[in-house]
Structure formats: structure tokens, C-alpha cells
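None of these values were measured; they are calculated from a predicted model. Each chain gets a letter, A, B and so on, in the order the sequences are listed, and its residues count up from 1. Below, each value reflects all heavy atoms present in this structure, side chains not excepted, and no hydrogens, waters or symmetry copies.
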Protein chains: 2
Amino acid sequence: MARPTKSDDPRRSILEAARALIVEEGHEKVSLRAVAAAAGFSPASLYEYFDSREDLLKTLAGEASNRLGATLLKAADKGKTPAAALVEVGLAYVDFAREHREDFLLLFGRLESARQSFSESVPSASPYSVVMNGVREALGAAGRRATQATVEQVSYVLWAAAHGMAMLQVTHLHGFDADFRAADRTGLQALVRGLDLAD
Amino acid sequence: MARPTKSDDPRRSILEAARALIVEEGHEKVSLRAVAAAAGFSPASLYEYFDSREDLLKTLAGEASNRLGATLLKAADKGKTPAAALVEVGLAYVDFAREHREDFLLLFGRLESARQSFSESVPSASPYSVVMNGVREALGAAGRRATQATVEQVSYVLWAAAHGMAMLQVTHLHGFDADFRAADRTGLQALVRGLDLAD
DNA sequence: GCTTATTCCTAACAGTGTTCGGGAAGGACG
DNA sequence: CGTCCTTCCCGAACACTGTTAGGAATAAGC
């Protein structure tokens with residue numbers, strides 16, 4: 001009932017072209033026109049599939065969030081105890097940022113989308129829920145001796161710690177030669193110990 | 001020996017005009033032309049005082065860094081013990097981000113400058129050194145029982161924790177209603193405890 | 001063979017950072 | 001006085017950006 005599309009899945013091929021460009025140049029330097037050219041479309045045609053450049057980036061960020069969530073989920077299984085699992089999740093978070101820098105920055109480095117309030121952005125609902133589930137387990141295992149902090153508070157603190165490590169390494173300490181992973185591990189371990197989650 | 005300048009200190013008035021605009025709109029939405037108009041210059045004239053828009057923002061970021069450093073320095077005195085001082089510094093870091101959002105984002109929210117490697121950016125050399133001095137003291141006070149982690153490692157971990165909290169509150173959790181400060185305090189306290197710095 | 005819906009593009013608009021060339025203004029010097 | 005030179009400043013343009021309006025091509029349904 002219509003003119004045939006150039007690609008089997010134009011939306012997908014646009015997304016892939018965009019991601020490829022972003023990986024090499026950084027999302028803030030990738031223009032809509034460049035994406036269009038790489039995907040074999042005219043600039044205006046992208047608007048058939050995305051409301052705006054922001055919409056395109058938001059879609060890619062959503063996919064990145066899914067990848068991050070899956071990675072964290074796998075990491076949670078590696079810990080032999082609930083507390084160790086939390087450390088693994090934190091490390092996986094930072095590793096993800098290091099190894100998929102542009103994915104991470106797509107998620108957390110775009111001020112335009114970060115400026116709007118929480119409910120509209122929630123970019124990492126799924127990754128965050130992985131952390132919360134881990135905390136719930138660890139708090140249960142720690143039992144009485146645990147902090148009286150809530151699950152939300154503890155989850156936020158752990159997320160923030162890992163997020164800070166990731167953010168620094170990916171932005172202002174990028175290129176700085178140091179064994180960050182070792183420091184991250186001791187930091188996260190110290191944090192779960194200090195929160196009385198350790199076993 | 002020259003034509004008189006429009007303002008006594010044109011560079012300063014440009015910087016102030018820019019900062020005013022940035023505070024209300026966010027640095028990424030402020031155009032050079034808007035700054036020029038607000039300062040009473042033509043767009044081209046700004047290039048008499050700054051190499052580029054980036055240069056202007058970098059200058060503002062430097063001033064923000066100084067303000068942050070001074071704030072942290074004051075906070076370091078509030079702690080009754082070296083360990084407590086570290087917690088205060090961390091809290092001051094996050095408070096600064098909350099209360100001077102645009103200053104903080106100018107420092108840590110501009111990917112363009114964050115993408116280049118460490119030596120060229122080091123935006124927070126002074127703030128960071130405040131943390132390191134605090135850690136040195138706390139490690140000394142803790143003596144033998146302290147972790148065998150280096151000053152740099154401990155400083156990095158503390159910085160990262162505070163930075164993560166600040167970053168999340170200023171970006172993706174912005175607008176979310178919660179008592180972040182309480183969580184931040186327990187988190188930072190737990191961290192210094194877990195690092196065997198507490199007294 | 002129409003109609004209708006979808007896909008796609010050309011052309012344009014308003015905005016951006018930046019550069020070029022020159023005008024205006026005043027101190028220094030003949 | 002007039003000339004030079006330097007500094008300050010601007011208008012106009014360039015190449016780029018995201019976005020939109022309007023129309024052409026292509027196929028399916030009737």
C-alpha cells in the first residue's frame with residue numbers, strides 16, 4: 001500500500017549508522033546530516049523515523065541502558081555472597097563505562113536530557129533495579145547487624161559510588177594511566193563493609 | 001595609544017554576562033551571540049578577548065573550580081577529627097553541586113573539554129588537592145590500623161563517591177524529591193569507616 | 001485507472017561558531 | 001598641526017547545524 005522502503009528496517013539501519021559514528025566521534029559531534037549520509041538517506045528522511053535528533057539519541061540511550069542492565073545482571077551472579085555480589089555489580093558498572101564509553105556517555109553524558117526532571121528521564125531504571133535487588137538480598141543476609149538505612153538509601157549510595165568512579169574515568173580522568181580497577185574494588189569493598197553489609 | 005574600551009574591564013563584563021545567562025539557561029544553550037548582546041558587544045568582538053567559545057567556558061570553569069576549592073577548604077576545618085573532616089569535605093562537594101548547579105556542570109558537565117586527556121584538562125586540581133591533604137592527615141591519624149591503600153587510591157575513592165552523588169543529583173536525579181543529604185552523609189561515613197580511617 | 005498512503009528528497013529557514021576586512025578612536029611622534 | 005600605529009570594535013560573510021514545508025515517486029486497494 002506504499003512505496004517500498006530503501007532498507008528492510010530503515011529505523012534499525014539509521015540507529016546502527018548513528019551508533020557507529022558516535023563510537024568514533026562522540027555523540028555530541030555527530031550531526032544528523034552525517035547520520036543520514038551514512039545510512040543512505042537525506043537529512044529530512046530521518047524525520048520519518050524519529051521525531052528529532054534528541055529522539056534518536058534517546059532511543060540509542062535506551063538500548064545502551066538495556067545492555068548495561070544485562071551486564072549488571074550477569075555480574076550479580078558472580079558474587080559468592082550477597083555482599084560480594086554487590087561489589088561485582090559495582091565493578092561491572094564501571095567496567096561497562098570503560099569498555100563502552102560512548103554507550104555510557106549516551107546514557108549519562110547528555111545534559112539536554114538530564115536537565116529534565118526525574119520521571120521523564122529515568123534512563124537507568126533497569127540497571128538501578130538490579131542494584132536494588134542486590135541490596136535487598138544483602139540487607140536480608142546481614143540481618144540485625146545491618147545499618148538501619150533503607151534499601152533505597154543504600155542502593156543510591158552504591159550506585160553513586162560506582163557512578164562517580166565510572167564518570168571520572170570516562171571523562172576527567174580519561175587517559176590517566178592508573179590501576180583504577182584495583183582502587184574501585186577496594187573502594188566498593190570498603191563501602192559495603194562500612195554499610196555493615198559484609199559477611 | 002588606542003581606542004578606549006567600552007567597559008572598564010571588557011573581559012570581566014563578558015564573563016559576567018555569560019555566567020548570568022548560563023545560570024538561567026544552562027551552558028549548552030547559551031550562544032556566543034546572546035553573550036555578546038548581553039555584554040553589549042558584537043559577536044565578533046568577543047574574539048578580541050577569548051580564543052573561542054570553548055575558551056570562554058573554560059575560563060568560567062576555572063573560576064568555578066576556584067570557588068569549589070575554597071568551599072572545600074572551609075569545610076575541611078569543620079571536622080573535629082581528620083576522618084570527620086573528610087566526610088565534611090565530601091558533603092561540601094555535593095552541596096556545592098546542588099547549590100551552584102551551573103558552576104558544577106561547567107566544571108564536570110562539558111564533554112567537549114572532558115574528552116581530551118588528563119594533563120590538558122585537570123579541571124579540579126585544587127579541589128582534588130584539598131581531598132588529598134585531608135586523606136594524608138586521616139591516614140596519619142589512623143596509623144597502623146589503616147588500609148594499606150595509597151593516599152592517591154583513597155583520595156580517588158572518596159572523590160569518586162562524592163562526585164557520583166553530586167553528578168546524580170545534578171543530572172539524572174534532579175527534581176527527585178528525597179533527603180539526599182542524609183543518604184550522602186551515611187554513605188560517606190560508611191566509606192571512611194570501611195577504609196579504616198575512622199577514629 | 002483512479003485514489004490513497006507511505007517513503008523519500010529538494011529547498012529553504014533560522015540559528016550556530018568563526019573569520020575577514022576595515023572603520024573608528026586615541027596616544028606617540030614628526 | 002598631521003601622520004602613524006595600535007587597539008578596539010563591528011558588518012558581512014562562510015560553513016555548518018537541526019528542522020520544516022511541499023512535492024515527487026511508488027506501490028496497494030478499489
Sequence neighbours excluded - side chain to side chain donor-acceptor pair (under 3.5 Å) pairs with any residue from residues 32-43 of chain A: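 Matches after skipping sequence neighbours: A:S42-A:S45.
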Residue pairs, two or more places apart or on separate chains, that pass salt bridge (charged side-chain N to carboxylate O under 4.0 Å, His left out) and touch residues 82-92 of chain A: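 Matches after skipping sequence neighbours: A:E88-A:R185.
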Side-chain N or O of A:S42 closer than 4.0 Å to phosphate OP1/OP2 of C:dC8: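 The answer is no; no side-chain N or O of A:S42 sits under 4.0 Å from OP1 or OP2.
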With B:A34 via side chain to side chain contact (heavy atoms under 4.5 Å, CB included) - residues at least two apart: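 B:A34 satisfies side chain to side chain contact (heavy atoms under 4.5 Å, CB included) with B:L21, B:S31 only.
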Specify the separation, in whole Å, of atom [atom1] of [X] and atom [atom2] of [N].
X	N	atom1	atom2	answer
A:F50	D:dT20	CZ	P	16 Å
B:Y49	D:dC9	OH	C1'	8 Å
A:E48	D:dA24	CD	P	17 Å
A:F41	D:dT19	CZ	P	18 Å

Nucleic acid footprint by protein, nucleotides 11-20 of chain C - heavy-atom cut-off 4.0 Å, B for base, S for sugar-phosphate alone: -B---BBBB-
Residues 73-82 of chain B, side-chain donor-acceptor partners within the protein, below 3.5 Å, at least two apart:
from	atom 1	to	atom 2	distance (Å)
B:T81	OG1	B:A84	N	3.0
B:T81	OG1	B:D199	OD1	3.3
B:T81	OG1	B:D199	OD2	3.0

A:F50: partners by ring pair (Phe, Tyr, Trp, His ring centres under 6.0 Å), with sequence neighbours left out: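 So A:F50 forms no ring pair (Phe, Tyr, Trp, His ring centres under 6.0 Å) with any residue.
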Set of residues satisfying ring pair (Phe, Tyr, Trp, His ring centres under 6.0 Å) with respect to B:F104, sequence neighbours excluded: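 By the ring pair (Phe, Tyr, Trp, His ring centres under 6.0 Å) rule, B:F104 matches B:Y93, B:F108, B:H163.
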Partners passing salt bridge (Lys or Arg N to Asp or Glu O under 4.0 Å) against A:E16 (at least two apart in sequence or in another chain):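 Salt bridge (Lys or Arg N to Asp or Glu O under 4.0 Å) list for A:E16, sorted by chain: A:R12.
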A:R53: salt bridge (Lys or Arg N to Asp or Glu O under 4.0 Å) partners, not counting sequence neighbours: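 For A:R53, no residue satisfies salt bridge (Lys or Arg N to Asp or Glu O under 4.0 Å) once neighbours in sequence are set aside.
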Closest approach of A:A161 to A:L188 (non-hydrogen atoms, all atoms of both residues):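 Here A:A161 and A:L188 meet closest at CB-CD2, 4.4 Å.
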N/O donor-acceptor pair, side chain A:R3 with base C:dT6, under 3.5 angstrom: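 It does not, because no donor-acceptor pair links the side chain of A:R3 to the base of C:dT6 below 3.5 Å.
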Any residue of residues 4-19 of chain A with a heavy atom less than 4.0 Å from an atom of DNA chain C: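 Result for residues 4-19 of chain A: A:P4, A:T5, A:K6, sorted by number.
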Ring centres under 6.0 angstrom apart (A:F180, B:Y156):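 Yes, the ring centres sit under 6.0 Å apart.
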Contiguous Watson-Crick or G-U pair runs (3 or more, under 3.5 Å) in DNA chain D: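 Expected stems, ordered by start: C:1-6 with D:25-30, C:8-22 with D:9-23, C:24-30 with D:1-7.
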Residues 135-143 of chain B side chain polar contacts: donor-acceptor under 3.5 Å, at least two apart:
from	atom 1	to	atom 2	distance (Å)
B:R136	NH2	B:N133	OD1	3.4

